[in-house]
**Student:** 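Structure in structure tokens, see below.
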Amino acid sequence: MTNSALLKRKIQECGLKKGYLVEKLNTSYKWLGKKINNEKDFTASEIDMLCELLNISDLEEKDRIFFAKNVEKSST
């Protein structure tokens with residue numbers, strides 16, 4: 001499961017906008033929102049792209065964000 005809070009914080013820290021992520025991931029705002037909020041799962045290629053865009057090179061950080069256990073779905 002994706003840790004939505006950590007992912008959102010990382011996106012904000014990097015100064016990226018959802019529109020940019022939607023374009024790079026070749027998806028829609030709706031689908032990106034569903035994936036960030038754990039309604040749908042990110043694909044392996046989407047995780048790889050997000051790690052590149054968000055400068056995530058540390059495997060532990062990647063695991064904390066994209067492979068978290070027992071996280072609540074975000075309401076936003």
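Just the heavy atoms: all of them, side chains too, but no hydrogens, waters or symmetry mates, feed the values below.
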**Student:** Minimum heavy-atom separation for Lys62 to Ile56, with atom names?
**Tutor:** N-CG2, 3.8 Å
**Student:** Using a 4.5 Å cut-off on heavy atoms from C-beta on, say whether the side chain of Ile36 contacts that of Phe42.
**Tutor:** yes
**Student:** Are the side chain of Asn38 and the backbone N or O of Thr2 linked by a donor-acceptor pair below 3.5 Å?
**Tutor:** yes
**Student:** Does CG in Asn26 sit with more than 12 non-hydrogen atoms of other residues, nucleotides or ligands closer than 6.0 Å?
**Tutor:** no
**Student:** If I take atom NZ from residue Lys30 and atom CD from residue Glu39, how far apart are they, to the nearest 0.5 angstrom?
**Tutor:** 9.5 Å
**Student:** Under the side chain to side chain contact (heavy atoms under 4.5 Å, CB included) rule, what do Ile65 and Lys8 come out as? Steps first, then yes or no, please.
**Tutor:** CA-CA 10 Å; Ile65 294 173; Lys8 288 176 183 179; over 6 Å; no
**Student:** Just checking Asp63: does its CG atom have more than 12 heavy atoms from other residues, nucleotides or ligands closer to it than 6.0 angstrom?
**Tutor:** yes
**Student:** Output yes when a side-chain donor or acceptor of Thr27 lies under 3.5 Å from a complementary backbone atom of Val22, and no otherwise.
**Tutor:** no
**Student:** As a quick check of understanding, evaluate side chain to side chain contact (heavy atoms under 4.5 Å, CB included) for Met49 and Leu53, giving each step before the final call.
**Tutor:** CA-CA 6 Å; Met49 177 61 76; Leu53 294 170; 3.8 Å; yes
**Student:** Out of curiosity, Arg64 CZ to Leu6 CG, how far, rounded to the nearest 0.5 Å?
**Tutor:** 7.0 Å
**Student:** Just wondering, more than 12 heavy atoms not from Gln12 lying within 6.0 Å of its CD?
**Tutor:** no
**Student:** To the nearest 0.5 angstrom, please state how far the NZ atom of Lys34 sits from the OG atom of Ser28.
**Tutor:** 9.0 Å
**Student:** In terms of hydrophobic clusters joined by side-chain contacts under 4.5 Å, are Phe66 and Trp31 together?
**Tutor:** no
**Student:** Are Lys10 and Glu61 close enough for a salt bridge, meaning some N to O gap below 4.0 Å?
**Tutor:** yes
**Student:** For the atom pair CG (Asp41) and CD (Glu46), what is the distance rounded to the nearest 0.5 Å?
**Tutor:** 10.0 Å
**Student:** Could you tell me whether the side chains of Thr43 and Ser45 share a donor-acceptor contact shorter than 3.5 Å?
**Tutor:** yes
**Student:** Under a 4.5 Å cut-off applied to non-hydrogen side-chain atoms, are Leu7 and Ile11 in contact?
**Tutor:** yes
**Student:** Between atom CG of Leu50 and atom CG of Leu25, what is the distance when rounded to the nearest 0.5 Å?
**Tutor:** 4.5 Å
